[in-house]
Protein chains: 2
Amino acid sequence: MTATGTRAAEADRVFAALANSTRREVLRLLRDGGPQPVQALADHFDMRRPSLSEHLKVLREAGLVSEQRNGRQRIYRLEAAPLADVQDWLHPYERFWREQLTGLGELLDRIPDDEPS
Amino acid sequence: MTATGTRAAEADRVFAALANSTRREVLRLLRDGGPQPVQALADHFDMRRPSLSEHLKVLREAGLVSEQRNGRQRIYRLEAAPLADVQDWLHPYERFWREQLTGLGELLDRIPDDEPS
DNA sequence: ACTATACGTAGGGTTTTTCCTACGCGTTAA
DNA sequence: TTAACGCGTAGGAAAAACCCTACGTATAGT
């Protein structure tokens, strides 16, 4: 946990930040293109630059990007630590999608309490 | 992809569904307690039952739960396939948090274009 | 047939999200 | 110093999220 809020509120912010295709695309651009100033990112979107600035703010407050000032530019950089937290959160569910992919889950779930004959 | 919308819209729905602690707790209850009717889930929350029903609707539309009618009950079951998609989405970012945990990322990022001497 | 139970939906209020235009602030260039 | 550039913020409109209290529908029990 960083500074602000509870653990659940942090997860809220990270998932909410990811729940928007523009913001996911920003993360991809930073991942594939490295740290970039705002205008370079904005060029990829059909959206006014101030709106993208607000998306960057959401990503910043989720800890998914950081900014570094360079003259009059602000270089944004991917910060992947919250994504590692997402993967940790996913982990206890992993056996479920493996079961369901093999069709084993449905079988087990249809036998609620008693043993198979 | 299921039936409705684009791939990005699907990801929107999944991440948005996860961006709420009540809904994440529902998933945990289904994971740890197995398939359950609505009232059994509702007992864990300080919230009216109709509100929880709406949360279940959000989870259903994200494909994260399914319902199976049993008399006048509706048994909700965890559907983990969308979570597998989330893990797939995370995968290209994995090297970033590994780099950043070792402090290697910062070093590399400070050398923008030219080769190291 | 009547009542109770289990659940969803309708409608409404409040807050948040997401876009916009206008503007302010700091930095670089002329 | 004046102008242009890069970026954030303020304020506002439209839509969505999230909670509530009614209410409707279907099944189960008496």
Side-chain angles (χ1 to χ4, degrees), chain A residues 4-6 8-27 29-30 33-62 64-77 112, chain B residues 4-6 8-27 29-30 33-62 64-77 112:
Chain A
T4 322
T6 64
E10 287 243 353
D12 281 7
R13 272 193 294 275
V14 172
F15 281 121
L18 297 176
N20 179 285
S21 62
T22 297
R23 291 193 291 261
R24 287 196 304 278
E25 179 67 6
V26 166
L27 295 181
L29 290 166
L30 294 177
Q36 299 174 44
V38 176
Q39 189 57 56
L41 296 168
D43 288 343
H44 293 83
F45 300 98
D46 182 24
M47 179 185 295
R48 305 294 172 186
R49 189 194 41 72
S51 300
L52 186 67
S53 267
E54 288 172 10
H55 282 302
L56 291 171
K57 183 178 186 178
V58 172
L59 290 169
R60 248 186 289 123
E61 291 176 345
L64 285 161
V65 302
S66 62
E67 67 166 36
Q68 176 197 347
R69 308 180 74 138
N70 184 7
R72 58 187 165 185
Q73 299 186 131
R74 310 206 179 176
I75 309 300
Y76 276 83
R77 175 196 308 254
Chain B
T4 322
T6 65
E10 287 242 354
D12 281 7
R13 273 193 293 275
V14 173
F15 281 122
L18 297 177
N20 179 285
S21 62
T22 296
R23 291 192 292 260
R24 286 196 303 278
E25 179 67 6
V26 166
L27 295 181
L29 289 166
L30 295 177
Q36 299 173 44
V38 176
Q39 189 56 56
L41 296 168
D43 288 343
H44 293 83
F45 300 97
D46 182 25
M47 178 186 295
R48 305 295 172 184
R49 190 196 39 75
S51 300
L52 186 67
S53 266
E54 288 173 12
H55 283 301
L56 290 171
K57 183 178 185 178
V58 172
L59 289 169
R60 248 186 288 122
E61 291 176 346
L64 285 161
V65 302
S66 62
E67 69 166 35
Q68 175 196 346
R69 309 180 72 135
N70 183 6
R72 56 187 165 184
Q73 298 186 129
R74 310 207 180 176
I75 310 298
Y76 277 82
R77 174 198 308 255

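By convention in this document, chain letters (A, B, ...) are assigned in the order of the sequence lines, proteins followed by strands, and residues within each chain are numbered from 1. Computation of the quantities below employed the complete heavy-atom set of this structure, encompassing side-chain atoms and omitting hydrogens, waters and symmetry-equivalent molecules.
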Under the side-chain hydrogen bond (donor to acceptor under 3.5 Å, both in side chains) rule, collect the residues that match up with B/D12, sequence neighbours excluded. A/R24
Start and end of the DNA chain D segment that chain B contacts, any atom under 4.0 Å from a heavy atom: D/dC18 to D/dA28
Length of the line joining A/N20:CG and C/dT17:P, which is rounded to integer Å: 11 Å
Please name all residues satisfying side-chain contact (heavy atoms from CB on, under 4.5 Å) with A/A16, sequence neighbours left out, ordered by chain then number. B/A19
Any B/Y76 side-chain nitrogen or oxygen under 4.0 Å from OP1 or OP2 of C/dG8: yes
In whole angstrom, give the distance that lies between atom CG of B/L41 and atom C1' of C/dC7. 12 Å
May I ask you to say what A/R23 touches in the nucleic acid, namely base, sugar-phosphate or nothing, with a heavy-atom cut-off under 4.0 Å? sugar-phosphate
Looking at DNA chain D, which of residues 44-51 of chain B put a heavy atom within less than 4.0 Å of it? B/M47, B/R48, B/P50, B/S51
With sequence neighbours left out, what residues match B/E61 under side-chain hydrogen bond (donor to acceptor under 3.5 Å, both in side chains)? none
Mind calculating the distance between CG (A/L52) and P (C/dT21) to the nearest angstrom? 15 Å
At under 4.0 Å, does any side-chain N or O of A/H55 touch on OP1 or OP2 of C/dC19? yes
What residues, two or more places apart in sequence or in another chain, satisfy side-chain hydrogen bond (donor to acceptor under 3.5 Å, both in side chains) together with A/R74? none
Give every donor-acceptor pair under 3.5 Å between a side-chain atom in residues 45-58 of chain B and any protein atom, sequence neighbours left out.
residue : atom : partner : partner atom : Å
B/H55   : ND1  : B/R23   : NH1          : 3.1

With sequence neighbours excluded, tell me which residues meet side-chain hydrogen bond (donor to acceptor under 3.5 Å, both in side chains) with B/E67. B/Y76
